[in-house]
**Q** 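To start, I am sharing the structure in question, which I have written as structure tokens.
Just so it is clear, the structure is predicted and the values come from calculations on it, not from any experiment.
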Amino acid sequence: MPYISIVFGLLLAALGAYTYSIAGIDPEKGTKSITAAIPALPGILLVLLGGVALVESLLKHAMHAAATVGLLGFLAGAVFFGMQMAKGTPLGDTKSIAGGGMAGLSLVFVILCVNSFIQARRRKAAQTQATA
């Protein structure tokens with residue numbers, strides 16, 4: 001599961017880099033808004049937590065933290081995407097891509113985490129029954 005965390009972290013970071021690269025320049029400031037790169041933040045956290053989880057003694061805690069980051073990423077992305085849809089923002093707009101992409105990637109990651117946690121619990125229960 002640590003490698004899956006790293007892969008999804010890299011995907012989110014790439015999404016943030018992509019949405020920042022296609023973001024328009026703010027006419028008032030003359031620069032791009034850094035908020036276009038928001039999906040990269042949970043992505044970087046997932047990469048770091050995946051790296052920490054490679055240490056066997058830290059695996060459980062790091063993966064629970066990564067699942068929490070994924071859940072928060074999903075909620076933030078879904079709320080932001082919903083707000084953009086309510087405003088009538090087109091699906092191809094940078095904000096829609098960032099919010100929807102972050103929500104989608106994070107949701108898939110959380111589903112994979114929950115499945116992994118269930119499988120780990122089943123393995124532990126089977127080992128307990130086998131030794132009893």
**Q** Supply the atom-to-atom distance L46 CG to I6 CD1, rounded to the nearest 0.5 angstrom.
**A**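 Between atom CG of L46 and atom CD1 of I6 there are 10.0 Å.
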
**Q** Would you call the rings of H64 and F117 parallel, tilted or perpendicular if under 30° counts as parallel and over 60° as perpendicular?
**A**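 Plane angle under 30°, so parallel.
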
**Q** Heavy atoms only: give me the nearest S5-A66 pair and the separation to one decimal.
**A**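 S5 and A66 have their closest heavy atoms at OG-CB, 4.0 Å.
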
**Q** Just wondering, do L11 and F109 contact through their side chains at under 4.5 Å, heavy atoms?
**A**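 Of all side-chain heavy-atom pairs linking L11 with F109, none is under 4.5 Å.
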
**Q** With the 4.5 Å side-chain cut-off for hydrophobic clustering, are Y20 and L10 part of the same group?
**A**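 Not linked; separate clusters.
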
**Q** Answer whether the closest heavy-atom distance between the side chains of M1 and C113 falls below 4.5 Å.
**A**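 Touching, per the 4.5 Å side-chain cut-off.
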
**Q** Let me confirm one number: the CZ-CD1 distance from R123 to I118, rounded to the nearest 0.5 Å.
**A**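 Rounded to the nearest 0.5 Å, the CZ-CD1 separation comes to 11.5 Å.
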
**Q** Looking at F80, I'd like to know if the NZ or CZ of K95 sits under 6.0 Å from its six-membered ring centre while staying within 45 degrees of the ring's axis.
**A**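 That pair does not qualify as a cation-pi contact.
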
**Q** Verify the cluster assignment for V52 and V55: are they in a single hydrophobic cluster under the rule of side-chain heavy atoms below 4.5 Å apart?
**A**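 Both belong to a single hydrophobic cluster.
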
**Q** Which pair of non-hydrogen atoms, one from L12 and one from G43, has the smallest distance, and what is that distance?
**A**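 That closest heavy-atom pairing would be CB-CA, 3.6 Å.
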
**Q** Heavy atoms only: give me the nearest G70-S106 pair and the separation to one decimal.
**A**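 Heavy atoms only, the tightest pair is O-CB, 3.3 Å.
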
**Q** Taking all non-hydrogen atoms of both residues, which atom of A36 and which atom of A23 are closest, and how far apart?
**A**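 Closest approach of A36 to A23, heavy atoms only: CB-CB, 3.8 Å.
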
**Q** Group every Ile, Leu, Val, Met, Phe, Trp and Tyr by side-chain heavy-atom contacts under 4.5 Å, then state whether L45 and L112 land in the same group.
**A**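 L45 and L112: one cluster.
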
**Q** Can you tell me if T19 uses its side chain to pair, donor with acceptor, with the backbone of G16 under 3.5 Å?
**A**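 Confirmed, T19 side chain pairs with G16 backbone.
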
**Q** I need the L49 CG to T68 OG1 distance, nearest 0.5 Å.
**A**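 If we round to the nearest 0.5 Å, L49:CG and T68:OG1 are 9.0 Å apart.
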
**Q** For S21 and K32, work out which heavy atoms get closest and say how close.
**A**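 Nearest pair, atom of S21 first, then K32: O-NZ, 2.9 Å.
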
**Q** Would you confirm whether T128, through its side chain, and K124, through its main-chain N or O, come within 3.5 Å as a donor-acceptor pair?
**A**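 Flag set: sc T128 to bb K124 pair under 3.5 Å.
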
**Q** If we check side-chain contact (heavy atoms from CB on, under 4.5 Å) with P2, which of these qualifies: L54, V7, L58?
**A**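 Filter result, single survivor: L54.
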
**Q** Examine V108 and L71 and state if one hydrophobic cluster contains both, with Ile, Leu, Val, Met, Phe, Trp and Tyr joined whenever side-chain heavy atoms are less than 4.5 Å apart.
**A**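 No; tracing contacts between hydrophobic side chains, which count when under 4.5 Å, never links both residues.
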
**Q** Nearest 0.5 Å please: distance from the CD1 atom of I38 over to the CG atom of L15.
**A**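 The CD1 atom of I38 sits 11.5 Å away from the CG atom of L15.
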
**Q** In Å and rounded to the nearest 0.5 Å, what is the OG1 to CD1 distance from T94 to I22?
**A**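 T94 atom OG1 to I22 atom CD1 measures 4.0 Å (nearest 0.5 Å).
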
**Q** Could you grab the distance from atom CZ of F81 to atom CE of M102, nearest 0.5 Å is fine?
**A**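 So the CZ of F81 and the CE of M102 are separated by 12.5 Å.
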
**Q** Do I111 and L75 land in one hydrophobic cluster if side-chain heavy atoms of ILVMFWY residues count as linked below 4.5 Å?
**A**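 I111 and L75: one cluster.
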
